[in-house]
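Predicted, not measured: the structure shown is a model, and the values here were computed from it. Ligands are counted one by one from 1 in listed order, and the atoms in each one are counted from 1 as well.
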Amino acid sequence: MTVELGVFAPGRLEILRRLLSDPSLAPEFEALQGPQGLERVLADPFSGPELRWLAFRDGEPAGFCWAFVIPTREGSFAMLRPGVVARARRTGIGSRLIETASAAVRELAPQCRELCLTAWVPSPEAAGFAARHGYEHARFYWLMERPQHGSAPQVDWPPGVEVETFDGTERALGHWSEAYNRSFAEHYHGALSTPESVRALAAVPGFRPDGVLLAHRTGACVGFCQNQLLPGRGEVATLGVVPEARGIGLGRALLRWGVGWLEHQAAPRVTLTVDGENEGALSLYRSEGFETVRKREIWSRRLP
Ligand SMILES: CC(C)(COP(=O)(O)OP(=O)(O)OC[C@H]1O[C@@H](n2cnc3c(N)ncnc32)[C@H](O)[C@@H]1OP(=O)(O)O)[C@@H](O)C(=O)NCCC(=O)NCCS
């Protein structure tokens, strides 16, 4: 058996698309199914062509891995996303892929302090694989869904708050980026955003400017909600309120706006993903009728 690793050259995108839709990989990579799924990974501001690999076994496509390197206040962390088709598993291909990815992250992002793996659980193969490579449990993220579909609640904006949809201007990029950073400053793996990273996010295929709402109070951006249409579901993808505007009902109003927008787009299900230890967000989501339907585990390994 020969195993070769190659890069995701543009001419090989169809190979990757076929691997992603293989029945043994599609459930884990469900959010990347459909016509623009792969394009979203390729356009991600925190990844790049030097952080993506394909694996071939005896010349046949067998797996892939890409890495995101995400800056936070405590230094960067890298999320590795390997996948190996069922027929080629337990032959060391997944290990080759993440070892190659880890070496590239160390070389290209020497400031990176942590490597992570993730999978929907239960997944004995992902858990066994993570343990075998010295990764330990770090967190659960919960996928929550609002079963009362078709009954978007009324939105009541707190007094003094004005809202506008994202218009792509420099002002909006700056406001969104700053509100994001201030909202997630204390959070686990809170990414550090910049106007440039937000501009790149807004250029990702399928991004809907009208699905982003910015909330202002006395001229400052104090909250935001970004929605995303995924295959088979619509997601309230990020929602944040800056510390000084918490406790006045703005998070609830933004969430309700997000649910209403997604229902208006005829999303068949309305979901969101939340850090399972973010008690404040969890109680808001539960009180708005969201229920946990799936869990995603994060495993982590420190880098020296
Ligand atoms: C997880 C995954 C990438 C592993 O790929 P792979 O090529 O089979 O991995 P390897 O052959 O390099 O396995 C290395 C070690 O991981 C552990 N491992 C892998 N699969 C396992 C399983 N089903 N149960 C328990 N341990 C397992 C073993 O220790 C294995 O070594 P061994 O075969 O000598 O016992 C693959 O199963 C996969 O693509 N799963 C679906 C996608 C996914 O979950 N991706 C996220 C991964 S964190």
Side-chain angles (χ1 to χ4, degrees), residues 1-8 12-13 15-34 37-38 40-42 44 46-47 51-70 76-106 112-143 188-189 230-232 273 275-276 293-303:
M1 178 188 85
T2 61
V3 173
E4 280 172 53
L5 263 49
V7 292
F8 283 22
R12 286 171 155 179
L13 289 187
I15 296 180
L16 181 60
R17 209 185 300 278
R18 274 202 300 280
L19 286 170
L20 276 172
S21 62
D22 185 278
S24 65
L25 290 169
E28 170 56 31
F29 295 93
E30 47 90 33
L32 302 182
Q33 304 301 311
L38 176 55
R40 281 203 299 279
V41 173
L42 301 179
D44 192 285
F46 298 119
S47 187
L51 291 172
R52 301 169 184 151
W53 300 266
L54 282 171
F56 297 85
R57 185 176 69 158
D58 297 331
E60 287 298 314
F64 55 77
C65 183
W66 61 82
F68 301 106
V69 178
I70 300 169
S76 303
F77 73 94
M79 179 60 77
L80 311 182
R81 297 293 280 132
V84 176
V85 285
R87 61 182 177 278
R89 288 185 191 159
R90 300 307 283 266
T91 61
I93 296 175
S95 299
R96 279 269 305 268
L97 282 162
I98 66 159
E99 281 153 14
T100 302
S102 311
V105 166
R106 284 168 191 243
C112 185
R113 288 284 153 266
E114 183 188 4
L115 298 174
C116 295
L117 292 169
T118 180
W120 292 118
V121 288
S123 169
E125 70 265 24
F129 181 73
R132 166 73 181 72
H133 289 282
Y135 288 70
E136 291 176 354
H137 167 80
R139 215 79 167 185
F140 286 111
Y141 279 87
W142 297 359
L143 181 71
Y188 170 71
H189 276 176
L230 295 170
T273 305
D275 172 357
V293 289
R294 256 182 132 181
K295 287 187 185 175
R296 175 171 276 292
E297 188 163 1
I298 312 286
W299 297 274
S300 159
R301 223 191 90 184
R302 301 302 305 176
L303 282 174

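Less than 4.0 angstrom separates some heavy atom of Thr91 from each of these atoms of ligand 1: 11 (O). The contact set between ligand 1 and Thr118, taken as ligand atoms under 4.0 Å from a residue heavy atom, comprises 46 (C), 48 (S). Residue Ser95 approaches ligand 1 through these ligand atoms, each under 4.0 Å from one of its heavy atoms: 10 (P), 12 (O), 13 (O), 14 (C). Of all the atoms in ligand 1, the ones that sit under 4.0 Å from a non-hydrogen atom of Gly92 are 10 (P), 11 (O), 12 (O). In the vicinity of Gly83, heavy-atom distances shorter than 4.0 Å reach the ligand 1 atoms 39 (O).
Heavy-atom proximity to atom 23 (N) of ligand 1, evaluated over Glu99, His133, Glu125, is greatest for Glu125. Considering Arg89, Arg96, Glu28, Glu297 only, the shortest heavy-atom separation from atom 41 (C) of ligand 1 involves Arg89. When the options Phe129, Phe64, Trp120 are ranked by their closest heavy atom to atom 4 (C) of ligand 1, first place goes to Phe129.
Of the polar atoms of Ala126, none of the N or O atoms is found under 3.5 Å from an N or O of ligand 1, judged by distance alone. Considering both main-chain and side-chain atoms, Ala88 never comes within under 3.5 Å of ligand 1 through any nitrogen or oxygen pair. Checking only distances, Leu117 never comes within under 3.5 Å of ligand 1, N or O to N or O. For ligand 1, the polar-atom distance check against Trp299 finds no nitrogen or oxygen pair separated by under 3.5 Å. Residue contacts with ligand 1: Arg90 is placed with a nitrogen or oxygen under 3.5 Å of a nitrogen or oxygen of the ligand (distance criterion only).
Heavy-atom separations between Leu80 and ligand 1 are all 4.0 Å or longer.
Counting heavy atoms under 4.0 Å from ligand 1, residue Val85 does not touch it at all. Heavy atoms of Leu97 found under 4.0 angstrom from ligand 1: none, in either backbone or side chain. Looking at Pro124 against ligand 1, only its backbone comes within 4.0 Å, counting heavy atoms.
Arg52 places a side-chain N or O within 3.5 Å of a backbone atom of Leu42 that can act as its donor or acceptor partner. At distances below 3.5 Å, not a single donor-acceptor pair connects side-chain atoms of Arg106 with backbone N or O atoms of Cys112.
The pair Glu4-Arg96 does not count as a salt bridge, with every side-chain nitrogen at least 4.0 angstrom from each carboxylate oxygen. Between Asp22 and Arg87 there is a salt bridge, since a side-chain N of the basic residue sits under 4.0 Å from a carboxylate O of the acidic one.
Heavy-atom minimum distance, Val85 versus Ser24: CA-OG, 3.6 Å.
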Evaluate the criterion side-chain contact (heavy atoms from CB on, under 4.5 Å) for residue pair Ile70 and His189; output intermediate values, then yes/no.
CA-CA 8 Å; Ile70 300 169; His189 276 176; over 6 Å; no
